[in-house]
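These notes concern the structure reproduced below.
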Amino acid sequence: MIRMTEPSKITAVPDHQPAAGGIAARARASVGPKYLSGLNPEQREAVETLDGPVLVLAGAGTGKTRVLTTRIAHILSQGRARPAEILSVTFTNKAAREMKHRLGQMLGHAVEGMPWLGTFHSIGGRILRFHAELAQLKSNFTVLDVDDQVRLLKQLLQAENIDDKRWPARMLAGLIDGWKNRGLMPSQVPSGEAAIFANGKGGKLYASYQERLKILNAADFGDLLLENIRIFREHPDIVRQYQQRFKYILVDEYQDTNVAQYLWLRLLSQAPSSGSSLPGLTRQSVASSQDGSPGLDASRRPGDDQDNALPIPGAEKVHVKNICCVGDDDQSIYGWRGAEVDNILRFEHDFPGAKVIRLERNYRSTGHILAAASHLIAHNEGRLGKTLRTEDHDGEKVTVTGSWDSEEEARGIGEEIEQLQRQGEKLNEIAILVRASYQMREFEDRFVTLGLPYRVIGGPRFYERAEIRDALAYLRVINSPADDLAFERIVNTPKRGLGDATVQMLHDHARKRRIPLFEAARAVVETDELKPKARGSLRDLVTQFDRWRAQREVTAHTDLAQIVLDESGYTEMWQKDRSADAAGRLENLKELVRSMEEFENLQGFLEHISLVMDREGGAEDDAVSLMTLHSAKGLEFDNVFLPGWEEGLFPSQRTLDEQGRAGLEEERRLGHVGLTRARRRAKIYFATNRRIHGTWSTTIPSRFLDELPAANVEITESKGGSGWGGSGGYGASRFDDMEAFGSSYSTPGWQRAQANRNRGGQGGGGRGGFEEETASFSTSASPDFGSFSSRRRGPLTIEGELVAKSTGTTSEFALDDRVFHQKFGYGRVTKIDGNKLTIAFDKAGEKKVVDSFVQRA
DNA sequence: GACATCTGGGTTTTT
DNA sequence: CCCAGATGTC
């Protein structure tokens, strides 16, 4: 067994007595229910401590989900509560689904009766629908997504004559979102903050935005919780009702909660008997050792004053009931969108008498990987401190590999993946985790060339796709005629000759009479204010909607959706579209209609679509996963590649600039998350030159590399040779004074990296002459590429890889063939080399691809 | 009103 | 460099 020797930085909680606890646990284990067997003593304690507040600090890979689901099973089987009396919140639908699934397995039947297991937003939305009238909404209100929000704000800005170039709607949306995340209603926004937008109009805009939402019978994501909080505060009888209902509360990923979610939980977690105020709602100052940036600090904290003023009447005495929060402060990576690590750091203070349980036994990674991750995260100061340990063997060391530039990095990783594949590794067990999504393209290009199957995780979600949003807009207008945003979205989609001018006049008309756009349209077609052509198509549209609404009564909602898509000409619009992704979009539309079957009716579907629709699937095929570090949280792979560990990219310069020390610590946690995704192999990369926004710049290795423990890390040479060209002209490193764990590294590569780093400063000009086309060669086939420059300039290198990789068989394609590629669309074959084709794509430009990836068009 | 050209801006992402 | 939004032209 390997034990990390890193001492806990903060030990707010004494260690539990291993002897006594262990014996007691073992004694119980022999008689306990079946679902408890196989839990280690800490996990078991987390499951069995049912009374009072519990914080489970669950490090990466320590069986967090298992504890949560077992705890629910335990509560149920002990008869402590019925399924409908347990509130269990997660952040993502995926996590909620996973819990439901595992619970079903554990209990041996599907968990139909857990209506309150879901995401914060879906549960908040559910509660809000019950009390919609208290928020001046109807229970069929629409949930707006960011796009709708921004368009609405744009309209408000126009109405106020504010230049939306100088004051972009998107920025205002971000501000409002931030306020809502902090639980602030328009009247509670600190005046200083409200004033920063549009010369003091920010607060007023927030207020009028809220008014507009009510008129549109709509709520945004933030409202789903904020309106809950307001209703709870203003109606003690209602909050009491929920407090009584929820006998147990479980929270997943507590480190990611924001202030609003925290307040919401506080309100629900009080014992119903006390209609009391909440101590601990005073959020002043927990130690803020990690807050190094005063400016940011000031902007993050002002909400606190507001929190102090919570208008909750009643006695002092508080009974907090059985709330169990599970989280890992070391995996808090969403501070930039309002998550408050403080929530978890302050748990014991907020919930007096809380029991804190640490899960420190890692069941995922090998010794070296865990040691590297632990050592890295130990550099953070603001943490509760955990000491992860594993009983697994040491395994392979974490590797650090430097390359000349990002192309070489991608090439090297591609080769290593092929190597792993030859060793029998499943591609599904290989992931590349990047800091920023622009890093992905280089890998995609490379994989396409190699013919290596891959999938990108994350990216635009299903319901964010234009075609889905369009289809939904049609259905929204049918369901809710007051939904102006939806109407506006589809009024001229597909093109009907109803452009800006027409819409503008509908707006005027609607505003004058205070009616929705749709009704305005109905009225306007009776007049001759529009040109005959526009008038005709608008009349047709109104008639169509009337007909669809009538059909709704007698037609299944899935059929109706299909009818609407067909009759509106929307399907046809994509059928006619010759672009590469049209086929995929039609497929998505089919998928949308199919997914409607799970819902009772149109109303039910629309209520949930914006909250629970996420893309899934595609996991059947064996493919390498490509994603950001953020979207990797919660996942694990045998083999994890971590490219781009360079100053500026990772840690991200922008985070450092904006959030200072706290930002650096969050970046470091991101590194920790990345490493702990790996079960057996973790491979880190950095490049000396990287192209950012089109220009090449020279970079220096990430300071995080210095923070890895030398004993668990192996420095390897970049495949294909000498790494660093170091073109001089640097200033002193900012990090010379940082503790350098890696200073004892002795391989040539590392020394060169160090030498380069110590000369390093901010990239500055290194615009090397890399304009030449990618030198794609296969190292294994070309052992003697000596120096970088000889590789770079030699024309043969371009052919090297193609020759090496060619199958030798003649391609079934001929020059000038018209072909279609899933990703790049249509194109023409310009060159053939064995099974590798060079294709000039209509949209995507010239690419080299393997012939099996294209078909004749 | 529809299409072409231009400019500016560019982490991370859930709901 | 590459995309989205905004402006300009027919």
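Each chain gets a letter, A, B and so on, in the order the sequences are listed, and its residues count up from 1. Computation of the quantities below employed the complete heavy-atom set of this structure, encompassing side-chain atoms and omitting hydrogens, waters and symmetry-equivalent molecules.
Using a 4.0 Å heavy-atom distance criterion, A:Thr628 is classed as a sugar-phosphate-only contact. Within 4.0 Å of A:Gln149, counting heavy atoms only, lies no atom of the nucleic acid at all. Among the protein residues, A:Val146 comes within range of the nucleic acid bases, having at least one heavy atom under 4.0 Å from a base atom. Here A:Phe120 lies out of heavy-atom contact (under 4.0 Å) with every strand. Among the protein residues, A:Asp256 comes within range of no part of the nucleic acid, since none of its heavy atoms lies under 4.0 Å from any strand. Across all strands shown, A:Asp220 has no heavy atoms under 4.0 Å from either base or sugar-phosphate atoms.
Classification of the A:Tyr206-A:Trp179 ring pair by plane angle, with boundaries at 30° and 60°, yields parallel.
A heavy-atom distance below 4.0 Å to DNA chain B is reached by none of the residues of residues 532-541 of chain A.
By the 5.5 Å and 30° criteria, A:His693 is not stacked with the base of B:dG9. With centres under 5.5 Å and a plane angle under 30°, the ring of A:Trp336 is stacked against the base of B:dT12.
Between A:Phe120 and A:Trp264, the ring centre distance stays below 6.0 Å.
For C:dC1, the OP1/OP2 oxygens have no side-chain nitrogen or oxygen of A:Thr695 closer than 4.0 Å.
Annotation: C:dG5 and B:dT12 have their C1' atoms spaced 23 Å apart (nearest Å).
Annotation: of the two residues near DNA chain B, A:Arg337 and A:Lys495, the 5′-most nearest-nucleotide partner is A:Lys495.
When the C1' atom of C:dA4 is taken as reference, atom NZ of A:Lys154 falls 10 Å away, rounded to whole Å.
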